[in-house]
Structure formats: structure tokens, C-alpha cells
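Everything below concerns the one structure shown next.
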Amino acid sequence: MTDTAVFRPGLLAGQVAVITGGGTGIGFGIAELLAQLGAHVVLASRKPAHLDPAVEKIRNAGGSASAVAVDVRDADRVKTMVDSVQSEHGRIDILVNNAAGNFYAPSETLSANAWKSVIEIDLYGTFFCSQAVAPIMRQSGGGRIINISMTLHYRGWPQMAHATAAKAGIDALTRTLAMEWAPHGIRVNAIAPGPIPTEGVRKAFTPPPNSEGVVDLFAEERAMSAYAKRAIPLGRWGSPADIANMVAFLVSPAGDWITGSIMVVDGGEWLSRGQSN
Ligand code: HXC
């Protein structure tokens, strides 16, 4: 559970937030905090059954949450999902475009479909969801859109052509939509998270089994701790709460004069790349 002491209780009371990919990882951390601050959170995902435990966890903590099915790659389904949230709750104040797909793969052999999958989930999904909520936010005098980006495209990242291209596109969309929709009171910003030890990242740090078939789990911890000391100036890995805190700030009244910004929340990692490796 996030320490919300820095934010006023009830800060987001009465607001409705849609979080794509909100069932796990960073998306869940964001949903948890926005719910703690009083918003009703709608977790949107391809497989809503996967969201049930997340919804239950938020409700058990006293928050208000629901799940909806959507594949963000499908503009018509996104529109239907957004319309259903609007008719059930009467408003959408916050959209967090968090859903993303990813895997390491060499560019020379990346299939057309693999490229398309990631570009469509990350970039098309962000655009379709933003486009669908804009008229609703406009009608109510404004809203906040937060796009989850990354830092790997600032310098390039081998075997991530699809994801880095998509996230660079998301940065461009953030600035363009911010300009286009500022007259409607819609603030559009992005957050570029640094390394957050999700399950996939942890796997990358897990050593192979030894000759007796035993995996040294302490070695994973040591490797992760060594990476944090070597590559992250602030000396620790990030957590979903680090990203959620930035979302809460941006959607609060404190974010009123911020639009078109890309907030890097990474313990200084991307700046130090190349100096420490
Ligand atoms: C090469 C791969 C592949 C891999 C899938 N493909 N995984 N190619 N290496 N590891 C190819 C498939 O062969 C197929 O191409 C095409 O991609 C589509 O695969 P499907 O499984 O049919 O697609 P789909 O079900 O739509 O799944 C989308 C996905 C999947 C992106 C491929 O991984 C996914 O749904 N991921 C969601 C969860 C996720 O990845 N979260 C990570 C977010 S973390 P062919 O040609 O065979 O048809 C994050 C932080 C990044 O974003 C930090 C990075 C360090």
C-alpha cells in the first residue's frame, strides 16, 4: 500500500479514472493510489477476469473500483468501453494510458506481426483511448490524460525497435494533444518510468540453475542490488508507488499549469547511462 500522507485524503473524491492495463505492475500501483485518494477507478484490460483480484484488493482497502474488457488496439471497442464508463458513472476525469506490450527481439528477424502488435498496443492504444475520452472531458470542462512512456528511446535500446519507436510516438502525441486540447481544459502529460522490478525484469536477473538444478535466489537479489548501485544514481530500484505519486501530483490541482510535459521518474538512471556501464 502506498504511503499517501503527502496527498490530502479525499483529494480525488467524486472523480472517475480509467487506467488501461490497471490490473498489474505500474498500472495497479496507479489505480491503488488514485482509489485511496477517493477516485472511482476503472481497470481496463483485454482479459477482465485477470482484473478481478485487483478490483477486490482495492475494494478490500476501502476503495471503489470496477473492471472493463477492452483491447486498446481496436478503436471501435475502445469507444464502446469509454461510452459504457460514461453512461455508468456520468463522467471521466482521468485517463492513464498504461497498457503496453514488450519483448526483446532482434530487429533483423522481427516479424511484421510482432512489430504491429507492439506499435498497436502502445501507440495506437494511447491515441484511441485519448481520442475516445476527449469529447467527454471537453463537455465537462476538462480532464487529465497521463501517458506512460519510457526513457529507452532517448539514446536507443537494442532489440527494442518496436517499443522504442512506439514510445517516441507517444511522447510526440503527448505534446501535440496537449497543444490541441489545452483550449478544452484537457491537460496531457507523460511519465517516463525508470527500472521498476516487475516479474519480467526480475527474471532477467535470475541466474540459471547450477549443476544440481538449484537456482540461487540470493544471486538474483545480489545482481539486482549491484545494478542499482552501479547504474542508478539514487541507488535503488523504482516501485509502482514512485510512478503513482507522480500521477497523483499531475492529476491534482497542483498540476493545473502543466501540460505537454514528459516527467522522467527514474532515480537518474538514463542520465547516467554510458557513464557507469
Ligand atoms: C519475437 C515475438 C515475441 C518474442 C511475441 N512475438 N513474443 N516475437 N520475440 N519474445 C510475436 C509473435 O510471434 C507474433 O508474431 C506477434 O509477436 C504477436 O504475438 P501474439 O502473442 O499473437 O500477440 P498478442 O497476443 O497480441 O500479444 C502481444 C504481445 C504480448 C506484445 C506480443 O507480449 C503481450 O500481450 N504483452 C503484454 C504484457 C507485456 O508485455 N507487458 C510488458 C509491459 S512492460 P508472428 O509473426 O509469429 O505472428 C514495459 C516496460 C518496458 O513495457 C521495459 C523494457 C526494459
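Both ligands and their constituent atoms are indexed starting at 1 by order of listing.
Using cut-offs of 30° and 60° on the angle between ring planes, the pair Trp270 and Tyr154 is perpendicular.
Close approach to Ser111 involves these atoms of ligand 1, each under 4.0 Å from a residue heavy atom: 15 (O), 45 (P), 46 (O). For ligand 1 and Ile121, the ligand atoms under 4.0 Å from any heavy atom of the residue are 28 (C), 31 (C). Below 4.0 Å from some heavy atom of Arg73 lie the following atoms of ligand 1, by number and element: 26 (O). Which parts of ligand 1 touch Tyr104 is read off a 4.0 Å heavy-atom cut-off, strictly below it: atoms 55 (C). Residue Met160 approaches ligand 1 through these ligand atoms, each under 4.0 Å from one of its heavy atoms: 54 (C).
Contacts between Ser117 and ligand 1, counted as non-hydrogen atom pairs separated by less than 4.0 Å, involve the side chain only. Neither the backbone nor the side chain of Lys47 comes within contact range of ligand 1; no heavy atom lies under 4.0 Å.
Gln159 CD: more than 12 foreign heavy atoms inside a 6.0 Å radius.
Cluster membership check: Val118 shares its hydrophobic cluster with Val70, using side-chain heavy-atom separations under 4.5 Å among Ile, Leu, Val, Met, Phe, Trp and Tyr.
The closest heavy-atom contact to atom 16 (C) of ligand 1, among the options Pro195, Ala114, Ser149, comes from Ala114.
Residues Leu110 and Ala105 come closest through the heavy atom pair CD1-CB, 3.7 Å.
In this structure, His153 contributes its side chain and Ala166 its backbone to no donor-acceptor pair below 3.5 Å.
In terms of polar-atom proximity, defined here as any N/O pair under 3.5 Å, Lys167 makes no such contact with ligand 1. Residue-to-ligand polar distances place Asn102 within reach of ligand 1: an N/O pair is separated by less than 3.5 Å.
Checking Asn147 against Thr174 by side-chain atom types alone, a donor-acceptor pair falls below 3.5 Å.
Using a cut-off of 4.0 Å between Lys/Arg side-chain N and Asp/Glu carboxylate O, Asp256 and Arg144 are scored as salt-bridged.
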